[in-house]
**Student:** 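Questions regarding the structure given below will be posed in turn.
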There are 2 protein chains.
Amino acid sequence: MSRLDRSLISGLPLFQGLTADNLDRVVGKARSQRVPKGQAIFEQDAEAHAFFLLLDGHVRVVKSTPEGQDVIVRYISPGELIGIARALGRTTYPASAVAAVDCIVLAWPSALWSEFAATFPAFGAHTYKTVGSRLQDAHTLVVEMSTEQVDQRVAHALLKLIAQSGKKTDDGVLIDFPISRQDIAEMTGTTLHTVSRLMTAWEEKGLVRSGRQKVAVTDPRRLRQIAEAHAGKE
Amino acid sequence: MSRLDRSLISGLPLFQGLTADNLDRVVGKARSQRVPKGQAIFEQDAEAHAFFLLLDGHVRVVKSTPEGQDVIVRYISPGELIGIARALGRTTYPASAVAAVDCIVLAWPSALWSEFAATFPAFGAHTYKTVGSRLQDAHTLVVEMSTEQVDQRVAHALLKLIAQSGKKTDDGVLIDFPISRQDIAEMTGTTLHTVSRLMTAWEEKGLVRSGRQKVAVTDPRRLRQIAEAHAGKE
DNA sequence: CGTCCATTTGATCAGGGTCAAGACGAGTGG
DNA sequence: CCACTCGTCTTGACCCTGATCAAATGGACG
């Protein structure tokens with residue numbers, strides 16, 4: 001394994017304001033890890049021995065019910081922390097984190113979190129801000145799940161995905177990692193069948209272009225119309 | 001208005017470890033406020049000028065959609081903080097807080113939050129733990145909304161309510177504040193009609209006793225069976 | 001070339017939303 | 001003290017969205 005370098009993390013807002021020396025100390029305590037596509041970084045209900053920083057790739061956070069149904073709570077992009085359960089007073093992970101593509105993560109023992117937070121104010125502040133916005137997101141999702149029809153929820157999900165991980169191509173804005181109908185269904189509380197029907201309908205109208213584990217949005221404007229109100233249906 | 005006394009807050013875990021002197025300082029900066037039933041403590045999207053501690057009463061946190069539908073995100077019990085948006089990097093309140101009964105709250109200007117957190121470590125730590133568990137709750141709710149049938153969601157909602165604000169009576173465990181069918185519908189993403197039908201069905205089976213803005217659970221065990229699995233339906 | 005998985009598409013049907021009407025109390029004003 | 005009104009709750013009838021069941025198609029990859 002190659003030696004870890006502070007340049008890996010020096011650009012991140014999370015570590016803003018740290019000296020080169022401090023960055024070295026932080027990186028020095030991390031273990032880097034390659035996680036192949038489909039593998040879990042950590043599992044729901046397991047002991048939260050570490051927290052992670054996603055350096056490269058995309059991760060989905062999944063909660064599973066006792067009955068075996070999965071719900072995708074959110075996707076994680078490079079530069080974000082995951083597995084900070086411990087920082088919030090939990091001893092186990094409340095969800096699983098699965099690599100959507102091959103990923104690179106840095107891992108620190110959970111115990112270090114409070115040390116980092118105490119030593120580097122920006123680190124603590126940024127984390128709490130992150131948690132705060134995740135709480136907002138979760139509440140927004142609850143509202144969507146409570147009040148919207150399936151087509152609106154799927155439209156919203158796609159818009160969030162391209163906002164977070166969109167990549168411009170000739171086909172429009174492409175979601176930058178493999179995502180199946182099943183995945184979208186698990187984000188929106190519906191079935192892969194319904195998602196499939198929606199996608200083909202939207203494809204015919206020219207709103208999206210999609211294929212096997214691939215979705216691109218060609219007309220975000222009209223997709224947003226579907227997401228926003230049900231008045232705009234035709 | 002009577003003089004504020006440190007005894008109001010001395011028992012709370014939030015202020016654990018503060019000296020009598022410190023408690024006086026904290027209370028001294030607060031303004032106490034009586035909020036009549038039905039009135040808002042703060043409104044969604046308004047400037048977050050203050051954060052609040054609920055001393056007495058019950059508050060529901062409501063998010064409203066642009067289309068005018070309301071979703072009840074959670075209920076707040078005495079001793080809990082509300083309106084801590086500012087602490088999480090927001091400048092406006094993400095939801096409204098409405099008094100479910102006549103309430104007493106303490107209010108501090110938002111700017112004081114960071115001062116308190118810096119000066120009294122227990123205060124900051126407790127808040128973040130609170131935010132963490134609210135994030136958990138929100139995710140749990142998302143999972144429930146995604147995977148459960150209406151009867152399960154309503155059963156879960158009632159169980160949470162009696163766990164949080166249950167009061168033992170001859171009729172079973174009573175929810176300690178007025179709550180309508182409409183309220184329960186807004187917690188569970190359904191309509192008051194469906195809630196009404198469920199309640200009468202459960203009343204006939206002897207699971208609950210309910211009336212106008214009043215719900216008591218007489219058989220939590222069987223209610224939990226409904227909430228848990230759909231295998232147990234008959 | 002064969003196997004596996006993602007996807008598509010059709011047919012069916014039920015959970016629960018919508019529409020409509022009424023009953024039941026609780027508070028208000030005469 | 002009673003009549004009235006308003007808000008909550010109940011209940012029936014109907015129908016639509018989207019789940020379920022079933023099967024076929026089509027790439028991707030070994």
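Since the structure is predicted, the reported quantities are computational estimates derived from the model, not experimental observations. In what follows, every chain begins at residue 1, and chains take the letters A, B, ... in the order their sequences are listed.
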**Student:** Taking CE from A:Met199 and P from D:dG18, how many angstroms apart are they, rounded to a whole number?
**Tutor:** 16 Å

**Student:** Would you classify A:Arg181 as touching base, sugar-phosphate or nothing, given that sugar-phosphate means primed atoms plus P, OP1 and OP2, and contacts are heavy atoms under 4.0 Å?
**Tutor:** sugar-phosphate

**Student:** Send over the distance from A:Glu148 CD to D:dG18 C1', rounded to a whole Å.
**Tutor:** 16 Å

**Student:** Considering only heavy atoms and no angle criterion, is a donor-acceptor pair shorter than 3.5 Å present between the side chain of B:Arg197 and the base of D:dG12?
**Tutor:** yes

**Student:** What is the separation between atom CD on A:Glu204 and atom P on C:dT7, rounded to the nearest whole Å?
**Tutor:** 17 Å

**Student:** Verify, without hydrogens or angle tests, whether B:Gln39 (side chain) and B:Pro36 (backbone) share a donor-acceptor contact under 3.5 angstrom.
**Tutor:** no

**Student:** Applying side chain to side chain donor-acceptor pair (under 3.5 Å) as the test, list every pair that has at least one member in residues 179-188 of chain A; sequence neighbours left out.
**Tutor:** A:Ser180-A:Asp183, A:Arg181-A:Ser210, A:Gln182-A:Glu186

**Student:** When the nearest nucleotide of DNA chain D is assigned to A:Arg212 and to A:Arg153 on a heavy-atom basis, which residue is associated with the more 5' position?
**Tutor:** A:Arg153

**Student:** What residues in residues 186-195 of chain B put a non-hydrogen atom under 4.0 Å from any atom of DNA chain C?
**Tutor:** B:Thr190, B:Thr191, B:His193, B:Thr194

**Student:** Between C:dC5 atom C1' and A:Ile179 atom CD1, what is the distance in whole Å?
**Tutor:** 17 Å

**Student:** Can you check whether B:Thr140's main-chain N or O pairs, donor with acceptor, with A:Lys63's side chain at less than 3.5 Å?
**Tutor:** no

**Student:** If I compare all heavy atoms of B:Gln164 with all of B:Glu80, which pair ends up nearest, and what's the gap?
**Tutor:** NE2-OE2, 3.7 Å

**Student:** Using atom CD of A:Gln149 as one end and atom P of D:dG18 as the other, report the distance to the nearest whole Å.
**Tutor:** 5 Å

**Student:** A:His139 and side chain to side chain contact (heavy atoms under 4.5 Å, CB included): which partner among B:Val73, B:Leu135, B:Val142?
**Tutor:** B:Val73

**Student:** Rounded to whole angstrom units, what separation is found between the CG atom of B:Leu198 and the C1' atom of C:dG17?
**Tutor:** 13 Å

**Student:** Please round to 10 degrees the angle between the axis of the first five pairs and the axis of the last five pairs in the helix from C:dC1-D:dG30 to C:dG30-D:dC1.
**Tutor:** 40°

**Student:** Could you work out which one of D:dA28, D:dG18, D:dT10 sits closest to the side chain of B:Ser196?
**Tutor:** D:dT10

**Student:** In whole angstroms, how far is the P atom of C:dG17 from the CD atom of B:Gln182?
**Tutor:** 12 Å

**Student:** Please set out all donor-acceptor pairs under 3.5 angstrom arising from side-chain atoms of residues 165-176 of chain A, sequence neighbours excluded.
**Tutor:**
unit_1: A:Thr169; atom_1: OG1; unit_2: A:Asp171; atom_2: N; d: 3.1
unit_1: A:Thr169; atom_1: OG1; unit_2: A:Gly172; atom_2: O; d: 3.0

**Student:** Can you list everything that forms a salt bridge (Lys or Arg N to Asp or Glu O under 4.0 Å) with A:Lys160? Sequence neighbours excluded, please.
**Tutor:** A:Glu144

**Student:** Checking the side chain of B:Ser196 only, and the main-chain atoms of B:Leu192 only, is there a donor and an acceptor separated by less than 3.5 Å?
**Tutor:** no

**Student:** Could you state the CD-P distance from B:Gln213 to D:dT10, rounded to the nearest angstrom?
**Tutor:** 12 Å

**Student:** List, one per line, each side-chain donor-acceptor pair under 3.5 Å for residues 42-58 of chain A, sequence neighbours excluded.
**Tutor:**
unit_1: A:Gln44; atom_1: OE1; unit_2: A:Ser64; atom_2: N; d: 2.8
unit_1: A:Gln44; atom_1: NE2; unit_2: A:Ser64; atom_2: O; d: 3.4

